[in-house]
Amino acid sequence: MKRRLAGPAVAGMVAAGLLLTACSSDGEGDDGAAAPIEGADGAGEATEEPEPEPEEPAEDPAPEDDGIDRPEIRVADDLEMIFEEPDTDDPVERAIIADSRRQLEAVYEVATNHDPENGSVSFYTQGNALFREMGLIEIFLEEGSASAGKMVYFGWGVEMLDDASALVTFCRDFSDVYTKDFTTGEVIEEADSEALPTRYVNRVELGENGVWQTHEKEAEVDSPQC
């Protein structure tokens, strides 16, 4: 039976410096000779000052620059997790989606490597969601199985509940995911190319460590909203 895990990582995304660029005269002409000094030739003409270049807008902050000491996450090589770009420029929403993506990756890191002592899941998951994820991981460990193939996550949305909590919605296409024996690599169950996407609604809260942690998870299998 194929396991439709409710998701392991998204982003957002943290502080980046404002790039300032300006031009100034260095007192030399293009040929390396000293530039003429204003009024030295008696003409009294002022040299034309170059226009300063405009400031460039701040870039989306990179997740690795947010100052949070995050655990390194490495999903097994034979499982490819693809996350489509969210359709939002809001920095808080992008940060929420980025941490939601890491939560998904953390679950599949443990499930595909069979490393239950890894602490990445609890770093991004708390409450009922943590209980649920660890139960699903335990099934993989007991069966000696793992997911492989390709998962695609898309249709990201964020609804802020207040300054420290939100609902995150997204869909997962697992039609290219198959189940293998963890030890031998033998295919236990082939991918179902006709499988419809699953839609997820997660509630996240801003933790004391600055991470948007997943606390509740709901899944709608074969969702028409995807």
Side-chain angles (χ1 to χ4, degrees), residues 1-12 63-64 66 68-84 95-154 156 168 170-189 191 195 197-219 221:
M1 179 176 66
K2 183 175 283 122
R3 301 298 175 192
R4 301 183 180 182
L5 271 184
V10 68
E64 60 269 20
D66 62 4
I68 298 175
D69 185 16
R70 301 176 181 274
E72 183 179 3
I73 298 176
R74 291 189 176 182
V75 179
D77 292 340
D78 55 6
L79 178 63
E80 182 181 9
M81 302 179 70
I82 299 174
F83 298 90
E84 291 191 356
I96 291 172
I97 293 172
D99 280 341
S100 296
R101 166 180 169 169
R102 297 184 184 102
Q103 192 274 336
L104 296 166
E105 291 175 320
V107 171
Y108 279 102
E109 174 187 38
V110 177
T112 59
N113 294 311
H114 284 207
D115 181 14
E117 301 302 319
N118 188 307
S120 59
V121 177
S122 59
F123 189 87
Y124 291 104
T125 319
Q126 291 293 311
N128 290 335
L130 179 59
F131 178 78
R132 174 179 177 174
E133 300 290 44
M134 296 310 297
L136 291 170
I137 289 172
E138 186 63 26
I139 293 175
F140 278 115
L141 298 178
E142 289 180 353
E143 292 183 347
S145 63
S147 294
K150 180 174 69 175
M151 294 178 182
V152 181
Y153 294 85
F154 61 97
W156 295 94
V168 183
F170 58 91
C171 297
R172 181 186 68 157
D173 180 355
F174 57 94
S175 59
D176 288 329
V177 177
Y178 62 91
T179 305
K180 70 170 187 176
D181 182 281
F182 177 76
T183 302
T184 67
E186 177 186 358
V187 176
I188 298 174
E189 185 175 355
T198 297
R199 182 174 184 265
Y200 296 90
V201 180
N202 297 349
R203 183 175 64 83
V204 300
E205 296 181 10
L206 184 61
E208 294 181 355
N209 58 356
V211 173
W212 288 93
Q213 298 172 319
T214 299
H215 282 249
E216 301 282 349
K217 303 187 72 132
E218 293 184 4
V221 179

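- Applying the side chain to side chain donor-acceptor pair (under 3.5 Å) rule to Gln213 yields no partners; only residues at least two apart in sequence or on another chain are considered.
- When all heavy atoms of Gly210 and Asp99 are compared, the closest pair comes out as O-OD2, 4.4 Å.
- Taking Asn113 as the reference, nothing meets the side chain to side chain donor-acceptor pair (under 3.5 Å) condition, with sequence neighbours excluded.
- Of all non-hydrogen atoms in Ser147 and Asp78, the two that sit nearest each other are O-OD1, 4.5 Å.
- For CG of Asn209, the number of neighbouring non-hydrogen atoms (other residues, nucleotides, ligands) closer than 6.0 Å is greater than 12.
- Put simply, the side chain of Ile137 reaches to within 4.5 Å of the side chain of Val107, judged on heavy atoms.
- Take Glu72 and apply the salt bridge (Lys or Arg N to Asp or Glu O under 4.0 Å) test, not counting sequence neighbours, and it matches Arg74.
- Remark: Arg199 engages no residue in a salt bridge (Lys or Arg N to Asp or Glu O under 4.0 Å) (not counting sequence neighbours).
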(Q) Between Tyr124 and Arg70, is the side-chain contact (heavy atoms from CB on, under 4.5 Å) condition met? List the steps. (A) CA-CA 10 Å; Tyr124 291 104; Arg70 301 176 181 274; 3.1 Å; yes
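- The nearest pair of heavy atoms linking Thr198 to Ala219 is CG2-CB, 4.0 Å.
- For Phe182, the ring pair (Phe, Tyr, Trp, His ring centres under 6.0 Å) partners are His114, not counting sequence neighbours.
- To the nearest 0.5 Å, atoms OH (Tyr200) and OG1 (Thr214) are separated by 12.5 Å.
- Scored by the salt bridge (Lys or Arg N to Asp or Glu O under 4.0 Å) test, Glu84 finds no partners at all (sequence neighbours excluded).
- Legend: residues meeting side-chain contact (heavy atoms from CB on, under 4.5 Å) with Thr183, ordered by chain and number and at least two apart, are Asp181.
- To the nearest 0.5 angstrom, Glu143 atom CD is 7.5 Å from Ile188 atom CD1.
- With sequence neighbours excluded, the residues forming a side-chain contact (heavy atoms from CB on, under 4.5 Å) with Asn118 are Glu109, Val110, Asp115, Ser120, listed by chain and number.
- By the side chain to side chain donor-acceptor pair (under 3.5 Å) test, Glu216 pairs with Asn128, sequence neighbours left out.
- At most 12 heavy atoms of other shown residues, nucleotides or ligands fall within 6.0 angstrom of atom CD in Glu218.
- With sequence neighbours left out, the side chain to side chain donor-acceptor pair (under 3.5 Å) criterion links Ser122 to no other residue.
- Looking at heavy atoms from C-beta onward, Lys180 lies out of side-chain contact with Glu186 at the 4.5 angstrom threshold.
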